[in-house]
Amino acid sequence: MLDHEQVAIHAGRRSRLPVIVAVHSTALGPAAGGLRLWHYPDWRDGLTDALRLSAAMTSKFAVAGLPIGGGKAVVALPEGMELDADRRRDVLRDVADVIASLSGVYATGPDVGTSPADMAVIGETTPHVFCKPTDLGGSGDSSPHTAQGALAALRAVSRRLHGTSSLGGRSLAVIGLGRVGVGLARLLAAEGAVLTVTDIDLDKQKISDELGAVWRSPDEILAADVDIVVPAALGSVLTSRTAADLRCRAVVGPANNQLATPDVADLLYQRDIIWVPDYVASAGGVINAISAELHRVSADEARARVRAIEDTVDDLLDTAQRCGQTPAQAASELARRRLSATSPAKHRFTWPDASLLARTGGRQRVRATRRSTP
Ligand SMILES: NC(=O)c1ccc[n+]([C@@H]2O[C@H](COP(=O)([O-])OP(=O)(O)OC[C@H]3O[C@@H](n4cnc5c(N)ncnc54)[C@H](O)[C@@H]3O)[C@@H](O)[C@H]2O)c1
Ligand SMILES: CC(C)[C@H](N)C(=O)O
């Protein structure tokens, strides 16, 4: 059975590439989620990705306490296809046409393979887009905020493991040195963490050297003998096989959809490895974008909301421990409670809509003060 409210699949008018927009849920509000422009063996693999990623966005917004639904867009590039500037623009205009046809039910932002500059191109056709460059009125690159949010999640886990939220001297293995991964690795290095890193792009070894990190191949890194493994690349890195190989005490990172199948969360729990659901640890980017672009709060307030991920993770780990659950079960129950507490009929607004600001500005679940270290 299809869990999603709607899935649009179009052959792009200009590019002829498959443009997929999956709207999983608008129960909490108009749907949002990034645009992934990535290579897939078959476009149907891109569809599978869009379905899973959009469902994760529903949980991400629900746990973050934001009045937004879950969606995602994917353009499935055939393996080996490179886009020159003109062709890339054609693809983005094709995506914009599909989004415009949905009349505000879904708004897009950056994800793997796309950037604020791409959002600017989409914004030429439709207002249903976020994270455009700041000089065009958007909130800009989401990745530094995603990295800060992942750092906040890591602090909560560090406190569980070591009694302090400081990551100085802790060993972490970062998988993927893309926009979020490299930002997070830099924050960790600045705090004195001992880093092991990898990427499929061997040019990233320069960044590894610059950070004083140990470079491992993508195949080896999951079994690295570190405190925490930090997935920051693509999904499905945690399988029953890789879960058995892990030597860390926790897996916490910004990559979306880390589990190949949901039961891997149970395998990690049985091995006494803390896994923070990706949709919790990766929420910093959207928390910042929604706070800045829809709620119009100050940059300081948006940052405080991102840092509050530390409290959310603390609460989830407490609940999981108290109830004898995995953190995944605790997070999914929280999301389910928030989703069932709303009536879809109430959400007639689209994105961006002034009435959304008026009705939801006060609904953030953010503590005014952060607890200090440890
Ligand atoms: N950009 C954001 O604000 C944001 C927000 C939330 C979640 N995320 C998620 O974080 C992850 C990274 O996003 P990004 O924006 O940094 O993307 P990106 O495209 O900038 O970086 C991805 C990096 O992962 C590397 N990579 C791909 N496959 C790999 C593999 N098998 N092993 C090692 N490295 C591999 C790529 O070479 C690239 O350097 C994605 O899962 C994304 O969905 C991103
Ligand atoms: C910016 C945002 C939409 C991000 N790609 C996410 O998955 O949360």
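Computed from a prediction, not measured in an experiment: that's the story for all the values here. Both counts, for ligands and for their atoms, begin at 1 and track the order of listing.
- Regarding atom 6 (C) of ligand 2, its nearest protein heavy-atom neighbour is K60 NZ, 3.3 Å.
- If you number the atoms of ligand 1 from 1 as listed, the ones under 4.0 Å from a heavy atom of T146 come out as 2 (C), 3 (O), 4 (C), 5 (C), 6 (C).
- Heavy-atom proximity to R36, at under 4.0 Å, picks out these atoms of ligand 1: 40 (C), 41 (O), 42 (C), 43 (O).
- A salt bridge does not link D94 to R16: none of the charged side-chain nitrogens sits closer than 4.0 Å to a carboxylate oxygen.
- Atoms of ligand 2 found under 4.0 Å from any heavy atom of V286, numbered from 1 in the order shown, are 2 (C), 3 (C), 8 (O).
- For H145, the closest heavy-atom approach to ligand 1 does not fall below 4.0 Å.
- Atoms of ligand 1 lying under 4.0 Å from any heavy atom of S282, numbered from 1 in the order shown and given with element: 6 (C), 7 (C).
- Relative to atom 12 (C) of ligand 1, the option among G235, A232, G34 with the closest non-hydrogen atom is A232.
- At a threshold of 4.0 Å, the pair R93-E124 does not count as salt-bridged, since none of the basic side-chain nitrogens sits closer than that to a carboxylate oxygen.
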Legend entry - Candidate pair I274 and R249, rule side-chain contact (heavy atoms from CB on, under 4.5 Å), full reasoning: CA-CA 6 Å; I274 297 175; R249 298 179 63 197; over 6 Å; no
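- Ion pairing between D97 and R14 holds under the 4.0 Å rule for side-chain N and carboxylate O.
- We find the CD1-CG distance between I20 and D49 to be 9.0 Å, quoted to the nearest 0.5 Å.
- Proximity of H145 to ligand 2, defined as any heavy-atom pair under 4.0 Å, is not found for any part of the residue.
- Below 4.0 Å from some heavy atom of G113 lie the following atoms of ligand 1, by number and element: 19 (O).
- Placement of V98 and V75 within a single hydrophobic cluster is found when ILVMFWY residues are connected by side-chain heavy-atom separations under 4.5 Å, directly or transitively.
- For N256, every heavy-atom contact with ligand 2 shorter than 4.0 Å involves the side chain, none the backbone.
- Interface atoms of ligand 1 facing A233, defined by a heavy-atom separation under 4.0 Å, are 11 (C), 12 (C), 24 (O), 26 (N), 29 (C), 34 (N), 35 (C), 40 (C), 41 (O).
- Of the options G178, A255, P231, P254, the smallest heavy-atom separation from atom 23 (C) of ligand 1 is shown by G178.
- Atoms of ligand 2 found under 4.0 Å from any heavy atom of S142, numbered from 1 in the order shown, are 1 (C).
- Remark: ligand 1 atoms within the under-4.0 Å shell around heavy atoms of D111 are 42 (C), 43 (O).
- One distance of note links OG1 of T319 with CG of L334; it measures 8.0 Å at 0.5 Å rounding.
- Of all the listed residues (G34, P110, G285), P110 holds the heavy atom that lies closest to atom 1 (C) of ligand 2.
- The distance from atom CG of L28 to atom CZ of F61, rounded to the nearest 0.5 Å, is 10.0 Å.
- No donor-acceptor contact under 3.5 angstrom links the side chains of H128 and T108, judged on distance only.
- The closest approach between a heavy atom of K60 and any atom of ligand 1 is below 4.0 Å.
- Nearest non-hydrogen protein atom to atom 19 (O) of ligand 1 is V112 CG1, 3.5 Å.
- What sits closest to atom 44 (C) of ligand 1 on the protein, heavy atoms only, is V180 CG2, 3.8 Å.
- Annotation: E220, atom CD; neighbour count of heavy atoms from other residues, nucleotides and ligands within 6.0 Å is above 12.
- Taking every non-hydrogen atom of S142 and a distance limit under 4.0 Å, the qualifying atoms of ligand 1 come out as 1 (N), 2 (C), 3 (O).
- The distance from atom CD of Q258 to atom CD1 of I175, rounded to the nearest 0.5 Å, is 8.5 Å.
- Within ligand 1, the atoms closer than 4.0 Å to a non-hydrogen atom of K204 are 39 (O), numbered from 1 in the order shown.
- Between D314 and R160 there is a salt bridge, since a side-chain N of the basic residue sits under 4.0 Å from a carboxylate O of the acidic one.
- The backbone of L177, and not its side chain, has at least one atom closer than 4.0 Å to an atom of ligand 1 (non-hydrogen atoms only; backbone = N, CA, C, O).
- Within the 4.5 Å cutoff, the side chain of L188 has heavy atoms near those of the L195 side chain.
- Considering only heavy atoms from C-beta on, I122 stays 4.5 Å or farther from T114 through its side chain.
- A salt bridge links E191 to R155: at least one charged side-chain nitrogen sits closer than 4.0 Å to a carboxylate oxygen.
- Not a single heavy atom of G285 lies less than 4.0 angstrom from ligand 1.
- Between M57 and ligand 2 there is a heavy-atom distance shorter than 4.0 Å.
- The residue among V182, D219, I200, D199 with a heavy atom at the shortest distance from atom 28 (N) of ligand 1 is I200.
- At the shortest separation from atom 15 (O) of ligand 1 among protein heavy atoms lies R179 NH2, 3.0 Å.
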